[in-house]
Trainee: 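Got a structure here, written out as structure tokens. Questions coming.
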There are 2 protein chains.
Amino acid sequence: MNLEVQNEYKCDCAIIHEDVVEKVKADQHPEEHLIDLADFFKVLGDSTRIRILSALAHSELCVCDIAHVLNMTQSSISHQLRILKQARLVRNRRDGKVIYYRLDDEHVAAIMNAGLVHLSHE
Amino acid sequence: MNLEVQNEYKCDCAIIHEDVVEKVKADQHPEEHLIDLADFFKVLGDSTRIRILSALAHSELCVCDIAHVLNMTQSSISHQLRILKQARLVRNRRDGKVIYYRLDDEHVAAIMNAGLVHLSHE
DNA sequence: TGAACATATGTATATCTGTTCATGTGTTCA
DNA sequence: TGAACACATGAACAGATATACATATGTTCA
């Protein structure tokens, strides 16, 4: 009978602390929120995008400037900027043919710094 | 001659703000640090790992408990815990056959909250 | 000591993702 | 208006990665 209950789950081990499991399940953030959160960090989880954000933390830059700073093609930078913009990590403004990008918000740099602090504690 | 200089770079566009580009290049964090930072966020950029961390924010849990909370196999949870441990996001302790995991540090939850705050501003 | 159980790990595979190439869009200026 | 340039984007390919399956490790207990 306990086995039947287990088979409803993908886990192949016994419930050890059923009360704790139920409590944590009830207290969890909605799965949708957690997926959104993971997707947000996923955007930060690419070295090209992090290098772009780090560059923009110093100065507003156009696409061509960023490509030169990172020594990468304009195309790949453009693709990554699209992803950063969708995640509301950068904003842009047009000035004639040139489009300038900047960090969307000062707390973007704060999140990056929180990560750097974590790493510096190793 | 300008074209020859450009060909040293992968960028297929002209340098627009050469002084700014040079300054940002000089001010950038070492590339190695930025790669480490991206790798750190990459660990957070998976919904399974985020759900594990979120669960552990509520309570210390054994591997089997986590598998039940997420309704996933013990094996996949164990693989992800290994990655979280390598990134120093979780710690564990053994009590007999059972191994309990908890967040490594209170500021792990702080980083996650920073992300949630960002998302709540949409 | 050996069965039982919690956890770890190697391997294979299906899926995801970043870059490149080719091309499209929008602006300037002669 | 049409050439030139900055930037965006669609498609395709290569490399990365999360999961499942099988199995190994380590602990308890009879």
Trainee: Please tell me which of the listed nucleotides, dA18(D), dA6(D), dT7(C), lies nearest to the side chain of Val63(B)?
Mentor: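 Among dA18(D), dA6(D), dT7(C), the one nearest the side chain of Val63(B) is dT7(C).
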Trainee: If hydrophobic clusters are built from ILVMFWY residues whose side chains come within less than 4.5 Å, do Leu53(A) and Ile35(B) share one?
Mentor: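 No; Ile35(B) is not reachable from Leu53(A) via cluster members.
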Trainee: Could you say whether Ser75(A) or Gly45(A) is positioned toward the 5' end of DNA chain C, judged by the nucleotide with the nearest heavy atom to each?
Mentor: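 The 5'-side residue here is Gly45(A).
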Trainee: With a 4.0 Å cutoff (strictly under), does any side-chain N or O of Ser76(B) reach OP1 or OP2 of dA18(D)?
Mentor: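 Indeed not, no polar side-chain atom of Ser76(B) lies that close.
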Trainee: With nearest nucleotides of DNA chain C determined for Lys42(A) and Tyr101(B) from heavy-atom distances, which residue corresponds to the more 5′ nucleotide?
Mentor: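 Looking at the nearest nucleotide for each, Tyr101(B) comes out on the 5' side.
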Trainee: Where the side chain of His79(A) is defined as all heavy atoms beyond and including C-beta, which of dT9(C), dT19(C), dG18(C) is the nearest nucleotide?
Mentor: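 So the side chain of His79(A) is nearest to dT19(C).
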Trainee: Counting side-chain heavy atoms from C-beta on, which of dT19(C), dT7(C), dT9(D) comes nearest to Thr48(A)?
Mentor: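 Nearest to the side-chain atoms of Thr48(A), counting from C-beta on, is dT19(C).
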Trainee: Expressed in angstrom and rounded to an integer, what is the separation of Arg82(A) atom CZ from dA8(D) atom P?
Mentor: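 Going from CZ in Arg82(A) over to P in dA8(D) covers 10 Å.
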Trainee: Looking at every strand, decide which applies to Tyr100(B) at a 4.0 Å heavy-atom threshold: base, sugar-phosphate, or nothing.
Mentor: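 No contact at all - Tyr100(B) keeps every heavy atom at 4.0 Å or more from the nucleic acid.
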Trainee: Nearest to the side chain of Ser78(B), which nucleotide is it out of dT9(C), dT19(D), dC7(D)?
Mentor: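 So the nucleotide nearest the side chain must be dT9(C).
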Trainee: Could you tell me whether Asp27(B) and Lys23(B) have a side-chain N and a carboxylate O separated by less than 4.0 Å?
Mentor: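 Yes, Asp27(B) and Lys23(B) are salt-bridged.
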Trainee: Within the side chain of Arg102(A), is there an N or O that forms a donor-acceptor pair under 3.5 Å with the backbone of Leu56(A)?
Mentor: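 Not at all, since once roles are kept as given, no pair shorter than 3.5 Å links the two residues.
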Trainee: Of the candidate nucleotides dA8(D), dC7(D), dT20(C), which contains the atom at the shortest distance from the side chain of Cys64(A)?
Mentor: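 It is dC7(D).
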Trainee: Does the protein touch nucleotides 24-30 of chain D at the base, only the backbone, or not at all? Give it as B, S and - per nucleotide, heavy atoms under 4.0 Å.
Mentor: ---BS--
Trainee: Rounded to whole Å, how long is the line connecting atom CG of Leu44(B) with atom P of dA18(D)?
Mentor: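 My rounded result for the distance is 12 Å.
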Trainee: Mind calculating the distance between CD (Gln86(A)) and P (dA8(D)) to the nearest angstrom?
Mentor: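 Atom CD in Gln86(A) sits about 12 Å away from atom P in dA8(D).
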Trainee: Give the rounded distance in Å between these two atoms: CZ of Arg93(B) and P of dA6(C).
Mentor: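 Result: 16 Å.
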Trainee: Hey, is the side chain of Gln80(B) pairing donor to acceptor with the base of dA18(D) inside 3.5 Å?
Mentor: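 Checked by distance alone, the answer is no.
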Trainee: So, the side chain of Ser78(A) versus the backbone of Ser75(A): is there a donor-acceptor pair under 3.5 Å, distance only?
Mentor: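 Looks like no, no N/O pair under 3.5 Å.
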Trainee: Is the closest side-chain heavy-atom distance between His17(B) and Tyr100(A) below 4.5 Å?
Mentor: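 Counting from C-beta outward, His17(B) and Tyr100(A) do come under 4.5 Å.
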Trainee: Start with the C-alpha distance between Gln28(A) and His58(B), add both sets of side-chain angles, then the distance that settles side chain to side chain contact (heavy atoms under 4.5 Å, CB included), and finish with yes or no.
Mentor: CA-CA 8 Å; Gln28(A) 276 282 76; His58(B) 294 110; 3.6 Å; yes
Trainee: Ile83(B) has an atom CD1; how far is it from atom C1' of dT9(C), in whole Å?
Mentor: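 Interatomic distance, CD1 of Ile83(B) to C1' of dT9(C): 12 Å.
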Trainee: Look only at the side chain of Asp65(A) and the backbone of Val21(B), and say whether a donor-acceptor pair between them is shorter than 3.5 Å.
Mentor: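 A pair under 3.5 Å: no.
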Trainee: Base, sugar-phosphate or nothing for Lys85(B)? Non-hydrogen atoms, less than 4.0 Å.
Mentor: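 No contact.
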Trainee: Rounded to whole angstrom units, what separation is found between the CG atom of Leu70(A) and the P atom of dT20(C)?
Mentor: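 So the CG-P distance, Leu70(A) to dT20(C), works out to 12 Å.
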Trainee: Closest to the Gln74(A) side chain: dT19(D), dA8(D), dA11(D)?
Mentor: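 For Gln74(A), the side-chain atoms sit closest to dA8(D).
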Trainee: What is the distance from CG of Asp46(B) to C1' of dT15(C), rounded to the nearest Å?
Mentor: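 Roughly 13 Å, once rounded to whole Å.
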Trainee: The criterion is ring pair (Phe, Tyr, Trp, His ring centres under 6.0 Å); which residues satisfy it with His107(B), sequence neighbours excluded?
Mentor: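 Partners of His107(B) under the ring pair (Phe, Tyr, Trp, His ring centres under 6.0 Å) test: His118(A).
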Trainee: How long is the line joining CD1 of Ile52(B) and P of dT19(D), in whole Å?
Mentor: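 Interatomic distance, CD1 of Ile52(B) to P of dT19(D): 8 Å.
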